Amino acid sequence: MALEFRNPAPDAGPDDGEEAIDYRDAYESLVQFLYQAPLGLVRLGPDGAVQMMTPAAAVLLNALPDGGGDLDNFFDALRGVAPQLPRLVADFRPPTGAVCTALRIPLAPSGADARWLGLTMRKLNARQLMAVIHDCTHEVEREQRRLRDRLIDASRTDALTGLPNRGVAIERIQQLADDRRDGPPHTFAVLFLNIDRFHQINDSLGHATGDEVLRLLAARLNAQLRRRLRAGGGSRADALATRIGNDEFVVVLDKLGRPDDVHAITQRLIDALLMPYGVGDQQLHVRVSVGVVLSAQASASGVEVLNDANIAMTESRRVGALGYAVFEPAMRDRAARRGLIEEELRHALARAELYVEYQPVVALDEPGRPLRCTGVEALVRWRHPRRGVVPPIEFIGIAEACGLIGELGRQVLATACADFMNWRREFGPRAPRVLAVNLSRAQLFLPDLVDMVRDTMCSTEIPPASLQLEVTESMAADDEQVRSVLTDLKALGLSLALDDFGTGYSSLSSLHRLPVDLVKIDRSFVSQVDSSDYHRVLVEATVQVARSLRLNTVAEGIETAEQARAVRLLGCEKGQGYLYARPLSSPALVAWLTAAAGDAPDADSDPA
Ligand code: C2E
Ligand code: MG
Ligand code: MG
C-alpha cells in the first residue's frame, strides 16, 4: 500500500521576486519524514476499510495480540482491544472533525510488560478518516508512576496539617531502632505529644476552630524543628514532626549530641506550643502533655516505641504538671494496671460498687466545750469484690482519664445529697448543716456539670446553702474557663471550698481572684504546724489572708490535740481529722452524731 499525499498546491510556482521554492521537494521530504517517524498513519473509510497505511502503522498494529489480522480493515484489526471504534465513527455526525483524541488502547499483556497504543482519529470528509497511532507505553507508564507517587504521598501525609502521618513515624522509628541495633550506638528520642482536652475546643468552639488549632500547632512544631536543624545542621530526617492521630503528634529526633539535649529541646517545644493561638478574633491557649522515649530505653519495634511514648505521655498528664515524662519500663506495668482498673471501674459503676463515707468537720472551739459538727465531707470508696475497699486516690485519676468521672461524680453527689436529707429528717436542727462534695478537675470541663448539680439539688431537695463543692487549688488557678464554671455553680446558691490549699499553684496573693467561700488548709501543713515554724507561719498567713477576704478556714487532717490547739490559736475556725472522726459510713455517722448530740448544746448556727 502506498502513501499518496496530494501536493497542496502542485501547480503553484514561485512568487514574483522571491526565491523559488521547490514544493515537490518539500512534499517529498515531508512524506519521507512521516514514513520514518514513529507515528503510524492510516487513512480509512467510514467502515474501517484501510485505504492507506504507513509502515510504522503496520508495525504498531502487528504488535496486537493476534497481529492485527490482515490489516485490511482498521476496525477489525483493533476489534479485540478497541471494539468501540465503529460506533464512535458512526455516532460522529459533523462533516469533519476529531472523532477521538489520544485514545489509550491497551495492548495485552498487562502488568510489567503492558504496552499501550495512542489513537487520534479525524474525519476528513464523508468517505475518509485519518488515524494517527503511536506507541504511548512510556507516556502511560510515566503517568501511572506519577499517580502512584501521588497516592503513596497521600497515604503517607496527614491531609489536615500536611505533616507525615503515623505510618511514616513508625517507619522512621523502626529505622532508627534497627540502625542502633546494627550500627554504632547513637542517641535518638521519640516525643509523643497530646493536646489536653482537645475535644473541648471542638465541642465548644466547633470543629473548624479545632482544625485550625491543629494546623497552627503543626506549623509551630515544624518551625521549631527547622530552627533546630538550622542551628545544629543535619537533615530533615533528623528532626521529623508527624501527626499520628486526632490531636496526637510525634516528633522523632536523631543525632542528639548528649542525652541531655532532648530535655532542652522538649522543654523548648512545650514552651513554644504554650503560646496562644490566634484563631479568628480569639486567642486560644492549649496545653500539651508529652511522653519521651530515649533510645537507651527503646524497644526493637517501632510500634512498641510509639506505645511506650504514649504511656509516658499519659503518665505526664496524670501528674498534671506542665511538662513531660520520660519513659521507664515500670510505666508499662502501671499502665496495664490502670487499664485493668479502668475496666473494673466501668463495671463497678454499673453494679453500684462505689459508696460514700462522711467525715465530720467540727468547730475548733475552746477546749472543754462539747464537739460541734458543722458539716461533713463526702468521700467516695470502692468496695472491690477481690481487693476489698479501694481508696479514691487509686481510681479518681483513672476515672478522669477514661471519661468515667462524670458518672462517678453524679453517683456520689446523688447519694450524698440523699443521705444528707435523711440525717436532716432524723436529727432536725442537730444534723450537719453543710455537705461538702469533692469535684475533680475533669468534672469542671464536663459540659453538663452545672445542669447535673442543679438536677440533683432539685431531685433531692437539698437546700442550696447546705451544699458545698470542693475544688483543688490547681483547678481554680488562672484558668478563665474554670473560673466561669465555678461562677455558674455558685449562681445555683451553693458555696465553694478551696481544697488542699498550699499544695497547688495558686498563692495567697491570688486567693482573692477565686470565687470561693472557704479555704481548707492541706494536711501536709497542719501535720507540722506544732513542730515547724515554717508551717506555722504559713498556716497563720493563710488564715489572715482568708480572713481579710471574709473566707472561713478549715484545717484538714488534724490527728493530735496539739495540732488542734495550734491551728485554733492561729485563728482557724474549723477542723477535720482523725482526732475527731475518720470517714464514716452513713449509719456510723448517725451513731457518731447521736453520741456527739448527747453532749452538744444547741445546733450550730455558724455556716461552714
Ligand atoms: P480530700 O478532699 O482532701 O479529702 C481528705 C482526705 O484526707 C481523705 O482521704 C480523708 O480520709 C483524709 N483524712 C482526713 N483526715 C485525716 C487525718 O487526720 N489523717 C490522715 N492521714 N488523713 C486524713 P481519702 O478519702 O482517701 O480521699 C483522698 C482524696 O480523694 C480527697 O482528698 C479528694 O481529693 C479525693 N476524693 C475523695 N472522694 C472524692 C469524690 O467523691 N470525688 C472526687 N472527685 N474526689 C474525691
Ligand atoms: Mg476534699
Ligand atoms: Mg483536702
Side-chain angles (χ1 to χ4, degrees), residues 320 345 348-349 353-362 364 375-383 388-417 419-420 434-446 449 452-453 456 467-476 489 495-504 516-530 542 553-564 567 572 574-585 588-589 592 608:
L345 192 56
L349 283 164
E353 286 172 10
L354 300 187
Y355 67 101
V356 185
E357 286 190 342
Y358 303 92
Q359 187 176 33
V361 177
V362 302
L364 293 175
V376 293
E377 177 177 5
L379 296 159
V380 68
R381 272 71 187 119
W382 176 5
R383 194 174 290 108
V389 174
V390 183
I393 188 96
E394 289 193 28
F395 60 89
I396 293 285
I398 294 168
E400 287 193 277
C402 68
L404 293 173
I405 193 72
E407 176 55 18
L408 186 152
R410 197 192 57 74
Q411 288 191 10
V412 170
L413 186 66
T415 307
C417 288
D419 284 344
F420 181 84
V434 173
L435 168 70
V437 178
N438 291 281
L439 280 187
S440 71
R441 185 177 171 84
Q443 278 176 280
L444 292 181
F445 295 99
L446 297 174
L449 173 74
M452 185 277 281
V453 174
T456 311
L467 184 60
Q468 185 165 73
L469 295 178
E470 295 192 0
V471 296
T472 58
E473 267 189 273
S474 57
M475 279 186 212
L489 285 171
S495 61
L496 294 176
L498 193 59
D499 205 354
D500 304 344
F501 188 83
T503 57
V516 295
D517 308 276
L518 181 129
V519 177
K520 298 186 79 168
I521 302 170
D522 192 66
R523 180 164 63 89
S524 53
F525 294 89
V526 174
S527 63
Q528 299 184 60
V529 71
D530 57 333
T542 305
T553 41
V554 174
E556 293 188 278
I558 299 178
E559 294 186 350
T560 64
E562 290 70 33
Q563 288 165 4
V567 289
C572 207
K574 298 185 182 73
Q576 177 181 352
Y578 293 172
L579 176 65
Y580 310 106
R582 290 187 172 248
L584 304 164
S585 66
L589 179 76
W592 186 88

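Below, all heavy atoms of this structure are taken into account, side chains as well, without hydrogens, waters or symmetry copies. Note that the coordinates shown come from a computational prediction; the quantities given were computed from them, not determined experimentally. Along the sequence shown, the residues carry numbers beginning at 1. Both counts, for ligands and for their atoms, begin at 1 and track the order of listing.
- With Q576 as reference, Q359 is the one residue of Q359, E556, R523 to meet the side chain to side chain donor-acceptor pair (under 3.5 Å) rule.
- At a 4.0 Å cut-off, not a single heavy atom of Q576 sits close enough to ligand 1 to count as contact.
- Heavy atoms of E357 found under 4.0 angstrom from ligand 1: none, in either backbone or side chain.
- Under a 4.0 Å criterion applied to the non-hydrogen atoms of L439, ligand 1 contributes the atoms 44 (N).
- Contacts with ligand 1 closer than 4.0 Å are made by no heavy atom of R582, backbone or side chain.
- With a 4.0 Å cut-off on non-hydrogen atoms, D499 touches ligand 1 through its side chain and not its backbone.
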Is there a side chain to side chain contact (heavy atoms under 4.5 Å, CB included) between Y358 and L589? Walk through the geometry before answering. CA-CA 7 Å; Y358 303 92; L589 179 76; 4.1 Å; yes

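- A salt bridge does not link E357 with R582: every distance from a Lys NZ or Arg NE/NH1/NH2 to an Asp or Glu carboxylate oxygen is 4.0 Å or more.
- With a heavy-atom cut-off of 4.0 Å, N438 touches ligand 1 through backbone and side chain alike.
- At under 3.5 Å, a nitrogen or oxygen of V380, whether backbone or side chain, sits near a nitrogen or oxygen of ligand 1.
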Please test L489 against L449 for side chain to side chain contact (heavy atoms under 4.5 Å, CB included), starting from the C-alpha separation and ending with a verdict. CA-CA 9 Å; L489 285 171; L449 173 74; 4.0 Å; yes

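- Atom OE2 is the N/O/S atom of E377 found closest to the Mg ion (ligand 2).
- The part of R381 lying near ligand 1 is the side chain, judged by heavy-atom distances below 4.0 Å.
- The backbone and the side chain of S440 each have at least one atom closer than 4.0 Å to an atom of ligand 1 (non-hydrogen atoms only).
- Salt-bridge annotation for E400 and R441: absent, with no side-chain N of the basic residue lying under 4.0 Å from a carboxylate O of the acidic one.
- Within the listing of ligand 1, atoms 1 (P), 2 (O), 4 (O) sit less than 4.0 angstrom from a heavy atom of E377.
- Proximity of R523 to ligand 1, defined as any heavy-atom pair under 4.0 Å, is confined to the side chain (atoms from C-beta onward).
- Near-neighbour remark for the Mg ion (ligand 3): protein N, O or S atoms under 2.8 Å are D499 OD1, D500 OD1, E556 OE1, E556 OE2; waters not counted.
- Under the 3.5 Å distance criterion, with hydrogens and angles disregarded, a donor-acceptor pair is assigned to the side chains of E407 and Q411.
- In summary, the atoms of ligand 1 found under 4.0 Å from a heavy atom of E559, numbered by their order in the structure, are 17 (C), 18 (O), 19 (N), 20 (C), 21 (N).
- Between E353 and R383 there is no salt bridge, since none of the side-chain N atoms of the basic residue sits less than 4.0 Å from a carboxylate O of the acidic one.
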